[in-house]
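Accompanying notes for the structure given below.
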Amino acid sequence: MYLTNEEERTLDGEFGETLRKATEILVALGDIYGADQLIPIQSAQIAGVSYKTIGDAGLEWISDLTGTVKVPAILNPAGMDLERWQDMGISETFARKQLEVIQAYKDLGVRPMCTCTPYYLEGFSVQYGHHLAWSESSAVSYANSVIGARTNREGGPSALAAALVGKTANYGYHLDENRQPTVSVSVECELSGSDYGALGYLVGKDVGNRVPLFNMNARPAPDDLKSLGAAMAASGAVALYHVEGITPEIQRMDAEQPDETIVIEKGQIDEVYTNILGEDGDAGTDIAALGCPHASATELETIADRLANRTITKQLWVCTSREVAERHPDLVRRIEESGAMVLCDTCMVVSPATEQYQSMIVNSGKAFAYLPGMCHVAAQMGDVDECIRKVCAPDED
Ligand code: F3S
């Protein structure tokens, strides 16, 4: 792998131990995956934030670093709402550790915005063709597929290393040849709302880490594409997909037609809603969670409308980024009038608070795929209305 004179000197430790370590990570990855060089990035989104997943070893590793990131960098969701963690039932011990993790990142110049939807943030603009170092799988999928930017699915340490150096190794989805579709998916039914998450859940299991090219009559909105990509990245390992006539890159590339076509019919989508993952039979839902990936303003508005004149008697979490919530206080107020909680900085999958429940209903194919294994909670999928119905007063069913 070609290194500039400055990169060689960084690797020799001339600019300090942190930059030496960070460059070493990038070069090691580049060597493994056959990169020809390091390339500049526009931004980084760093996983490895929830104290639940990184523990003391991760906290120590981040705390030992010094210096400042060279590009705008933000964080993945943390294990709790950084302000109202007590409302989630988070212990003081966990909260203290979680806040230490955030502080360690802040000390490196990382913006303490914890979200899997960085593309909604002001001052974090992402454009077609930008090279990025993002970690969270749904954010990676959205950036690659819906925006047409270029990022691999970085691990926490490599995304942080890229942020500190301002570069990443040039391999994988940074290269044209890896962005061609490799399997076709023909969707032979109408879709709306959470159906896109159910579709992604099905397709991800089938295609693994290939690059699907969808043909569908439906006209998915960006929020629908967000749900589709998130689910495919969870049940499979899809980091890039195309939708004929919708996503930007397929309209500009000279695409080869894949040899294999997968057909998805309505019955398969409907079946996803009848499954309960993680246990046998109906567990009797005790909590509903919306906002995976973190809700957009449009999604918050839909939820607020559906909650009008309803009373939540169990638990309803609506997860979003702090910035989106702060830009829309009226929507937050309308949602919380029902008894639901709008949670920022965190989500139902990365927070240990989920483990206090038995059975959760979600409208997200990604949360559906992850909850049983990562949080030991039974999971069911429904659309927004079904999720609300399961946790509101019976006479409002
Ligand atoms: Fe985001 Fe958590 Fe879902 S990180 S994509 S809300 S699992």
Side-chain angles (χ1 to χ4, degrees), residues 45-54 74-82 88 98 101-102 113-121 134-146 151 153-156 159 194 196-198 200-201 204 222-239 241 277-278 287-296 299-300 303 316-325 341-355 357 360-377 379 381 384 387:
Q45 189 255 1
I46 303 164
V49 179
S50 175
Y51 179 68
K52 173 183 159 179
T53 47
I54 67 166
I74 60 131
L75 297 171
N76 213 36
M80 61 187 202
D81 186 306
L82 300 179
M88 298 178 73
Q98 184 61 79
V101 173
I102 303 296
M113 184 60 67
C114 304
T115 183
C116 50
T117 54
Y119 37 88
Y120 296 150
L121 304 182
W134 287 14
S135 295
E136 197 283 318
S137 63
S138 79
V140 166
S141 173
Y142 195 95
N144 276 326
S145 314
V146 183
T151 177
R153 184 178 175 176
E154 301 284 353
S194 57
Y196 287 95
Y201 175 76
D223 283 336
D224 300 325
L225 296 171
K226 178 176 77 168
S227 303
L228 173 67
M232 283 193 292
S235 66
V238 175
Y241 64 92
L277 299 184
I287 179 166
L290 306 172
C292 169
H294 276 174
S296 65
E299 290 170 313
L300 288 181
I303 296 165
L316 172 59
W317 291 351
V318 179
C319 302
T320 188
S321 66
R322 186 161 298 281
E323 189 172 306
V324 167
M341 274 202 288
V342 175
L343 297 176
C344 303
D345 321 310
T346 188
C347 82
M348 66 294 277
V349 170
V350 299
S351 175
T354 299
E355 291 163 22
Y357 299 98
M360 181 177 270
I361 185 165
V362 292
N363 68 337
S364 156
K366 173 171 178 175
F368 178 59
Y370 275 170
L371 282 168
M374 291 182 67
C375 306
H376 316 294
V377 61
M381 245 195 104
V384 171
C387 290

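Predicted model, so just to flag it, every value in this text is computed and none were measured. In each ligand, atom 1 is the first atom listed, and ligand 1 is the first ligand listed.
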Query raised in the report: Parallel under 30°, tilted from 30 to 60°, perpendicular over 60°: which one fits the rings of Tyr142 and Tyr120?
Result: perpendicular
Query raised in the report: What closest approach, in Å, do Lys52 and Val350 show between heavy atoms, and which atom pair accounts for it?
Result: CD-O, 3.5 Å
Requested in this report: Taking all heavy atoms of Ala367 and all of Val349, pick out the closest pair and write down the distance.
Outcome: CA-CG2, 4.1 Å
Report task. Would you mind counting protein N, O or S atoms that sit less than 2.8 Å from atom 1 (Fe) of ligand 1? Result -> 1
Report task. Under the salt bridge (Lys or Arg N to Asp or Glu O under 4.0 Å) rule, collect the residues that match up with Glu299, sequence neighbours excluded. Result -> Lys226
**Report entry** Under 3.5 Å donor-acceptor, Ser138 side chain and Ala230 backbone
**Finding:** no
Requested in this report: Give the numbers and elements of all ligand 1 atoms closer than 4.0 Å to a heavy atom of Gly291.
Outcome: 6 (S)
Report task. Kindly give the heavy-atom pair with the smallest separation between Thr151 and Trp134, and that separation in Å. Result -> OG1-N, 3.1 Å
